A.B. asks: 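Quick one: the structure is below, and I'll ask about it shortly.
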Amino acid sequence: MASLGWLKIQTAAKNTGKVLLMPAYATTAVVGMFVVMGVILWSLNLDVLRFVVFESGISTYDKFTFFISVYRGIFSAFGNLQALSIIVFSILFGINLALLCFVLLRKRSRKALTGSSVAGLGAAILGGGCIACGTSVLTPLLTSLGVLGATALTSSLGVILNIVGSILIIWSLYKLGLLVGTILAKQAQAS
Amino acid sequence: MPQTKQTNKRRNIILIVLAVLVVLAGTVFIVRNRQQHNQQSSADAPTVNTPAVTEGSTSNALIIGNPNAPVTIVEYGDFKCPNCNKLYRGALREIKKNYIDTGKAKLEFRNLPYISPDSRTAAEGAYCANAQGVFEAYHNGVYDYIWDSYYRENKVSEGESTDVFTVQTLTDIATQAGADPAEFAACLNQQTYKDAVTADLKASERDKATGTPTVFIGNQRIIGAQPYTVYSTLIEQELR
């Protein structure tokens with residue numbers, strides 16, 4: 001059983017690699033990665049972003065520099081572990097998005113829409129910010145539950161949520177990877 | 001076979017339902033958080049040269065830089081907050097060099113003692129130090145102390161939950177900053193500036209600063225320790 005499971009994982013990984021070798025899907029993965037990282041990093045300051053992009057009188061170049069500054073400053077804004085967990089999740093999400101596009105374009109089936117990829121993104125967004133400091137989208141919930149404040153749990157919760165998000169995405173990647181194998185096999189048969 | 005298919009289908013449905021619940025919960029929290037922020041009208045938001053707080057602490061305002069500088073950067077912070085420390089060690093150093101030291105902006109620090117009870121002690125100590133004219137050195141000393149003692153070695157949880165800022169520790173820091181130790185210790189023990197910190201907390205509620213660090217530049221609120229470019233862009237907007 002273990003060897004069958006491992007074989008499936010290897011198969012899913014190989015199929016993922018085949019998709020990523022196609023330029024269109026590699027691009028999708030990279031773009032998806034940057035977009036989702038931007039969503040996570042800007043989730044607490046959307047008003048500021050909206051103001052700068054749509055209301056300020058600064059140049060387009062300065063607006064672009066402003067937007068990407070959060071990417072460059074990820075390790076100064078977050079602890080090393082949290083920053084790494086955000087990066088890892090974003091990479092996995094980008095790859096997941098590429099696989100999803102590949103499967104949907106060929107299979108046109110709802111079966112490809114894995115809830116775990118959506119849940120993974122939700123978890124990662126929740127994990128953004130500093131939960132113990134109150135600068136997190138989880139603040140209203142934790143305040144109403146009376147658990148806000150520095151505890152070992154709240155300090156680690158951001159990282160934990162990002163890791164949970166990554167695990168959910170990995171599960172989605174595994175399922176999609178296997179679907180890709182089916183599609184590629186059918187394509188090979190047809191040709 | 002059909003039973004395996006059924007089991008798989010059931011498992012997928014459960015997974016999808018769980019996923020939808022997580023996303024829904026996340027959306028509700030995000031929307032609630034946005035609603036709390038949006039309740040603050042632009043008239044309520046602090047604007048340049050108009051401090052948000054008006055009750056009691058204005059005359060004791062904790063200022064770094066020239067009080068007559070045209071741009072006011074308001075920071076709600078907790079001396080024990082690790083992200084406030086990141087802001088202090090990161091973007092704030094650049095802001096100080098490029099804007100505060102050049103007289104273009106001033107930083108008004110407001111206490112939001114959030115993390116643990118000794119956060120409040122450190123907050124009152126800020127006013128005690130300010131009374132002796134050494135607020136900036138005290139502010140830097142307190143952040144440096146907890147960084148060197150805990151955060152540099154990744155002992156974040158320990159630093160947040162331990163009673164780090166005792167009266168003695170803060171007195172030592174204030175003494176190094178140039179304060180008279182006996183006067184400072186007496187100020188802390190007598191809780192001379194308890195009401196000033198309470199006024200800061202009330203101001204934070206009015207400004208909807210729910211966590212630390214929260215920085216206001218003009219009408220814009222920046223949550224968390226963001227890179228220097230985020231702040232400098234907004235400061236430049238205010239300077240126009």
Side-chain angles (χ1 to χ4, degrees), chain A residues 41 43-48 51-52 56-58 62-63 65-66 68-74 76-81 111 113-123 125-126 128-141 143 148-156 164 168 171, chain B residues 12 15-30 32-38 78 80-84 86-87 89-91 112 114-116 119 154 156-161 209-214 219-230 233-234 236-237 240:
Chain A
L41 296 177
S43 61
L44 291 172
N45 290 294
L46 290 175
D47 284 339
V48 177
F51 167 76
V52 170
S56 72
I58 62 176
D62 286 340
K63 288 179 187 179
T65 309
F66 179 82
I68 66 168
S69 65
V70 291
Y71 293 90
R72 289 199 310 245
I74 187 172
S76 57
F78 295 96
N80 288 344
L81 196 54
K111 198 175 171 185
L113 291 173
T114 58
S116 56
S117 62
V118 178
L121 177 59
I125 291 176
L126 293 177
C130 171
I131 292 168
C133 309
T135 52
S136 161
V137 292
L138 276 176
T139 299
L141 169 69
T143 306
L148 201 57
T151 64
L153 173 64
T154 54
S155 295
S156 308
V164 166
L168 287 168
W171 173 251
Chain B
N12 283 343
L15 199 60
I16 289 169
V17 167
L18 274 173
V20 168
L21 282 173
V22 167
V23 170
L24 271 176
T27 309
V28 165
F29 302 148
I30 290 169
R32 274 190 67 187
N33 206 31
R34 292 250 59 78
Q35 279 175 349
Q36 281 185 351
H37 288 169
N38 291 338
D78 181 326
K80 292 193 77 173
C81 158
N83 275 6
C84 300
K86 275 187 171 287
L87 177 64
R89 315 195 82 75
L112 183 47
Y114 198 88
I115 303 275
S116 60
S119 296
N154 277 323
V156 174
S157 296
E158 193 182 332
E160 287 174 337
S161 55
T210 55
T212 56
T214 300
N219 288 333
Q220 299 307 314
R221 170 181 34 221
I222 307 114
I223 298 171
Q226 300 302 327
Y228 168 72
T229 305
V230 172
T233 302
L234 295 171
E236 290 293 341
Q237 274 290 113
R240 284 188 186 179

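Below, chain A is the first sequence line, B the second, and so on; all start at residue 1. Not measured: the values here are computed from a predicted model.
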A.B. asks: Of the options A/V70, A/I74, A/I68, A/L41, which is the one that meets B/P227 in a side chain to side chain contact (heavy atoms under 4.5 Å, CB included)?
C.D. replies: A/V70
A.B. asks: Which atoms form the tightest heavy-atom contact between B/T229 and A/S69, and what is the distance?
C.D. replies: CB-CB, 3.6 Å
A.B. asks: Could you measure the distance from the CG atom of A/L44 to the CD atom of B/Q226? Nearest 0.5 Å is fine.
C.D. replies: 7.5 Å
A.B. asks: Checking B/R240 against chain A: side chain, backbone, both or neither under 4.5 Å from a heavy atom?
C.D. replies: side chain
A.B. asks: For A/F66 and B/T233, work out which heavy atoms get closest and say how close.
C.D. replies: CD1-OG1, 3.4 Å
A.B. asks: So which atom in A/V48 and which in B/R221 form the shortest heavy-atom distance, rounded to 0.1 Å?
C.D. replies: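 Here A/V48 and B/R221 meet closest at CG2-O, 2.9 Å.
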A.B. asks: Report the distance from atom CG of B/N219 to atom CG of A/D47, rounding to the nearest 0.5 Å.
C.D. replies: 11.5 Å
A.B. asks: Within the structure provided, determine whether A/V52 and B/L234 are in side-chain contact (heavy-atom separation under 4.5 Å).
C.D. replies: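 Side-chain contact under 4.5 Å: yes.
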